[in-house]
Protein chains: 2
Amino acid sequence: MSRATRRRERQERREKASQIPRLPWRNLTNPYPPIEVLSADHVEAIHTASLRVLSEIGIKVLGTDARERMAAAGAEVNDDDRMVRCDPGMVAEFMALAPSNFTIKARNPAKSVTLGGNHVNFGPVGGPSFVTDLDRGRRAGTFAEMCDFTKVLQSLDIIHLGGSGSFEPLDLPAETRHLDRNYAAVTLHDKVWSANLLGGYRARDALEMQCIVHGIEYEDMPNHVVTMGNINTNSPRQLDGNMSAGLTELALAGQPVVVTPFTLLGAMAPTTIAGALTQQNAEALFGMMLCQIIRPGTPVVYGGFTSNVDMKSGAPAFGTPEYVKATQAGAQLARRYNVPFRSSSTNASNVVDAQAAYESEMSIWAAVMGHTNLVFHAGGWLEGGLTASFEKLIIDAEMLQMMAEYLTPVTVDEEALALDAIAEVEPGGHFFGATHTLARFETAFYEPIVSDWQNFESWEDGGALTVTQRANAVWKQLLAEYEPPPLDPGIREALEEYVTRRKAEIDAGPDLLDYDM
Amino acid sequence: MSRATRRRERQERREKASQIPRLPWRNLTNPYPPIEVLSADHVEAIHTASLRVLSEIGIKVLGTDARERMAAAGAEVNDDDRMVRCDPGMVAEFMALAPSNFTIKARNPAKSVTLGGNHVNFGPVGGPSFVTDLDRGRRAGTFAEMCDFTKVLQSLDIIHLGGSGSFEPLDLPAETRHLDRNYAAVTLHDKVWSANLLGGYRARDALEMQCIVHGIEYEDMPNHVVTMGNINTNSPRQLDGNMSAGLTELALAGQPVVVTPFTLLGAMAPTTIAGALTQQNAEALFGMMLCQIIRPGTPVVYGGFTSNVDMKSGAPAFGTPEYVKATQAGAQLARRYNVPFRSSSTNASNVVDAQAAYESEMSIWAAVMGHTNLVFHAGGWLEGGLTASFEKLIIDAEMLQMMAEYLTPVTVDEEALALDAIAEVEPGGHFFGATHTLARFETAFYEPIVSDWQNFESWEDGGALTVTQRANAVWKQLLAEYEPPPLDPGIREALEEYVTRRKAEIDAGPDLLDYDM
């Protein structure tokens, strides 16, 4: 970014109320080549082994509809044990149909995101049942708190995705909660968000609501990529009915499906990284292939979520050396199939301390330097994903912003080489007053959100706060300053009507479930 | 490392008293290519600009001896303003004499370190006046505490260098304190340590003591690389008498000299990264060239220490995006001259919190993935280098060990691909009891020093400690379990005699200072 642009952005920010510096929205790309932990031969060996998993060992598919589609496409299907086997030719044929990159349109088009190539996008934590902050401690999440979390997310442009609620609002009924989450996603932020794919009806509700937001007909959705969804295989080697139902709805609508095996080494996968990657690759290929069978050309993302467990307790570990290698190897495998890659920013700490930070940094470097296109859970994840933390969200935003600035290439030109400035300052002198410095000092460097660079005495005078304590004040200020992004009143009304109608329908009785579980 | 080796090492460790897992000594190399933030053209542009600094603008050299040596080698020297200018041909001629890699022998030969190529070595913090821990808080350092810190360092094999005291023992007299530090370095650890180069007599004392330890004659030192020393230029563009005196003593003895400009953007260097690197490069080349002039073939290391300052307060910032880019660019410049590179692991936090960790991780990834050969300050640095922290030392060791494990390549062979194990476990089942898992689970994964992967409830039952609080218990246990490495009693006696004699000499009157300051 040019100095002039940056100065203008800072100026604009100052004119607003907040004194909390943040980077403006930026579609992020990584200008450096990916770190590759596997040789080309190793990638081929894992590829070949995973094809043997698919053709010889097979995947168990619980959904009848998905099994039928696989059979019609040429797979060998056994309806007794529900095993599906695909030969290498079939895998190659269908994987060739997947696009290498695509753009998901946000309701604010300036916040659309591109997946593939060297694009990097950060998303917030999703999935926890608990939420925590320094004032109230760890507790079950409510809808009101979930909305607060979303508001803070909206104020952090470094988090490219807005999510549809970063933790479960446990005060709402499980059957209809997805409608409230979707409504909050649309009204509280203007970023891309993912559809909940736990079962076909939830997926369809998200798609219907996106149609209202984007003013498109359901049948015309394949011409408008406006959302995505993630499915996890039930590793090892199983795809349940809920997941294949959700996948099917998204693929039929031409919306991107992220297929993420959950392959913890030693638990749901072999203890060896190569073995876990073999299994991950087989499961990911299977899911992505199913999308192509349902609708050729469906955008898909290869998801990697391979980490190890604590072999003493079986508890999952994150941000470990094994995790870093598996992440970067996963990205290499995705590149082999020319599809985008998804990983995560994770940690296993129970508190927002140095461990939370170093495990997260290991994850972020793994993801970004492996050329992950979609980094899920990068804002607010704590405790192995069981808890969303308000303070961690702020600290994560700082870490992500630092990474984004690192990805901004060094300017090397005559002005930047600064020979005149070097000649101007006396030996042993200083540059504080140099012309070159004065022209730049306001905007020269990355300005942190929450890092404190004061000397010890000033820091002590300021209350000797840890970064986690300072983050507590930051999220409260951002929440207090939150302003909802503009939304057409007609769209809002139509969404409210949709939510009301669907809640009544769901309360009246279970949806017709057209997929076996 | 093979599983068998690892199992044996764990076995050996268990037979000792400590339950604190640590990686064994390992000469670390980085199998992945370096991340390069500059294009080849940019490297040349900075190189060319720095040659103009050396030939047109010049370096101020306070020491008469150093100026005379530069003049004799062909530099243009002005004795009135003490400026020295060197043309590009002279720079190229002398830089061609520097070796691309070399090994420094430790008194325990198994702990010798190699600099150059893709070797990575971690060293402890050095320089602070303060020390801190959770029990006693931040305070001026004493010799007894310095020795405790060194003992903990000795028990952490991931820290390849032992240092000669990680903070100033302020209870000892400034003039003779280096002798006590050197004696502690030799007797408390068995790793490589650096000579204090603040003035010629301190450098000579370190070299004399190394001669006693290694059983070599002073005149024969150039045939035995057994130590090293770091000098900082007085940026911008100045080399003081103390530093050139220390450099000269080491070069005359054929010992490696690390030349590290201290180029904080906007303070001692231009605000632009390219400008600061131009100045850094000129100063580093100047120092390394002076070593070659003094003794052709002297091992030298290009040191990079370019970071930014907080432009509001002027306080130095560390582990920032600017720092990361400058570090990796510095390594590229060092590779251009085919000499080893030194950088650091740094942070600006005043407390061992998440900020300390994320800034350190940014530094570690910058250093390791830039192919730094010598990472100083990687154990215990806090508060911008003003304080050494016992707890941070433990957390740093964890972060470094994780990085070391990341640098261990993934094994991909038939056994690791684990097709049999994948076939053995039922779809949706688990691998805990699989044959493949049982054969490996004890040694399959990195075992942390201080990270806690327990679930929330167990963690809470254990006292809900942060990683910093757990680190407090770890360093105390390591200190309690410390055993000094064996040392020949004759060597110990000779060292004691040397220290006693030199203290008397120094107390009797100032050393003959054969260099202008």
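Residue numbers start from 1 in every chain, and the chains themselves are labelled A, B, ... in the order their sequence lines are given, proteins ahead of strands. Just so it is clear, the values below take in all heavy atoms, side chains as well, and ignore hydrogens, waters and symmetry mates.
The contact between B:Asp310 and chain A is made by backbone and side chain atoms together, counting heavy-atom distances below 4.5 Å. Contact of A:Ile35 with chain B is made through the side chain alone, with heavy-atom distances under 4.5 Å. Of the atoms belonging to A:Ala45, heavy atoms from both backbone and side chain fall under 4.5 Å from chain B. The part of B:Ser235 that comes within reach of chain A is its backbone (N, CA, C, O), which places non-hydrogen atoms under 4.5 angstrom from that chain. Proximity to chain A (any heavy atom under 4.5 Å) is restricted, for B:Glu36, to the backbone atoms N, CA, C and O. The parts of B:Ala416 that come within reach of chain A are both its backbone and its side chain, each placing non-hydrogen atoms under 4.5 angstrom from that chain. Heavy atoms of B:Met399 lying under 4.5 Å from chain A belong exclusively to its side chain. Looking at B:Ala356, there are no atoms closer than 4.5 Å to chain A (heavy atoms on both sides), in backbone or side chain. Contact of B:Thr320 with chain A is made through backbone and side chain together, with heavy-atom distances under 4.5 Å. Heavy atoms closer than 4.5 Å to chain B are found nowhere in A:Lys392, neither backbone nor side chain. Interface remark: B:Asn234 contributes backbone atoms only to the contact with chain A (heavy atom separation under 4.5 Å).
Looking at B:Met362 and A:Glu361, their side chains come closer than 4.5 Å, going by heavy atoms from C-beta outward. You'll find the side chain of A:Asn308 stays beyond 4.5 Å of the side chain of B:Tyr446, heavy atoms only. Residues A:Val412 and B:Ile46 are in side-chain contact: their nearest non-hydrogen atoms beyond the backbone lie under 4.5 Å apart. Residues B:Phe431 and A:Leu264 fail the side-chain proximity criterion, which asks for heavy atoms closer than 4.5 Å. The shortest distance between side-chain heavy atoms of A:Ile422 and B:Pro270 falls below 4.5 Å. Residues A:Phe432 and B:Met268 have side chains not in contact (no heavy-atom distance under 4.5 Å, counting atoms from C-beta outward). Residues B:Trp459 and A:Glu383 form no side-chain contact, since every pair of their non-hydrogen atoms from C-beta on lies 4.5 Å or further apart. By the 4.5 Å heavy-atom criterion applied to side chains, B:Phe441 and A:Lys312 are not counted as neighbours.
Among B:Val324, B:Leu417, B:Ile57, the residue with the largest count of heavy-atom pairs under 4.5 Å with chain A is B:Leu417. Across A:Ser39, A:Gly314, A:Pro236, the residue that shares the most heavy-atom pairs under 4.5 angstrom with chain B is A:Pro236. Heavy-atom pairs under 4.5 Å with chain B peak, among A:Pro31, A:Ser313, A:Ala267, A:Pro316, at A:Ala267. Chosen from A:Gly384, A:Ala269, A:Ala315, A:Ala471, the residue pairing most often with chain B at heavy-atom distances under 4.5 Å is A:Ala269. The candidate from B:Trp365, B:Tyr406, B:Phe130 with the greatest count of non-hydrogen atom pairs under 4.5 Å with chain A is B:Trp365. For the set B:Ala421, B:Ala418, B:Ala317, B:Ser360, the count of heavy-atom pairs under 4.5 angstrom toward chain A peaks at B:Ala317. Of the listed residues (B:Ala49, B:Ala434, B:Ala348), the one with the most heavy-atom contacts under 4.5 Å to chain A is B:Ala49. Comparing B:Asn347, B:Leu265, B:Leu38 by heavy-atom pairs within less than 4.5 Å of chain A, the highest count is held by B:Leu265.
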Start with the C-alpha gap between B:Thr271 and A:Phe445, add the side-chain angles, then the distance that decides, and say whether side-chain contact (heavy atoms from CB on, under 4.5 Å) holds.
CA-CA 8 Å; B:Thr271 49; A:Phe445 310 131; 4.2 Å; yes

Give the intermediate values and the outcome of side chain to side chain donor-acceptor pair (under 3.5 Å) for residues B:Tyr32 and A:Gln328.
CA-CA 12 Å; B:Tyr32 315 126; A:Gln328 296 185 334; over 6 Å; no

Could you give me the CA-CA distance, side-chain angles and deciding distance for A:Thr468 and B:Asp353, then say whether side-chain contact (heavy atoms from CB on, under 4.5 Å) is met?
CA-CA 8 Å; A:Thr468 305; B:Asp353 62 355; 5.6 Å; no

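Open room surrounds CD on B:Glu414; 12 or fewer heavy atoms of other groups in view lie less than 6.0 Å from it. Within a 6.0 Å radius of CG in A:Asn455, other residues, nucleotides and ligands contribute more than 12 heavy atoms.
Among all heavy-atom pairs drawn from A:Ala357 and B:Ala357, the shortest one is CB-CB, 3.8 Å. For the pair A:Thr437 and B:Gly266, the tightest heavy-atom approach, listed with the atom from each and the gap, is CG2-O, 4.2 Å. Summarising the geometry of B:Glu322 relative to A:Ala444, their closest heavy-atom pair is OE2-O, 4.2 Å, with the distance given to 0.1 Å. What you find for B:His42 and A:Val410 is that their closest heavy atoms are CE1-O, 4.1 Å. The minimum heavy-atom distance linking B:Lys60 with A:Pro427 is given by the pair CB-CB, 3.6 Å. Residue A:Glu398 comes nearest to B:Tyr358 through the heavy atom pair CG-OH, 3.6 Å, listed as atom of the first residue, atom of the second, then distance.
When atom types are taken as modelled, the side chain of B:Asn350 and the backbone of A:Gln454 share a donor-acceptor pair closer than 3.5 angstrom. No donor-acceptor distance shorter than 3.5 angstrom exists from the side chain of B:Arg237 to the backbone of A:Gly429, with no hydrogens or angles considered. Side chain of A:Gln355 to backbone of B:Asp452: a donor-acceptor contact under 3.5 angstrom is found.
Under 4.0 Å is where a charged nitrogen must lie from a carboxylate oxygen, and between A:Arg138 and B:Glu457 at least one such pair does.
One finds the OG atom of A:Ser349 at 10.5 Å from the CZ atom of B:Phe456 (value rounded to the nearest 0.5 Å). Summarising the geometry, atom NZ belonging to A:Lys325 is positioned 5.0 Å from atom OG1 belonging to B:Thr408; distances are rounded to the nearest 0.5 Å. Annotation: the span from B:Met402 atom CE to A:Tyr323 atom OH amounts to 11.5 Å, rounded to 0.5 Å.
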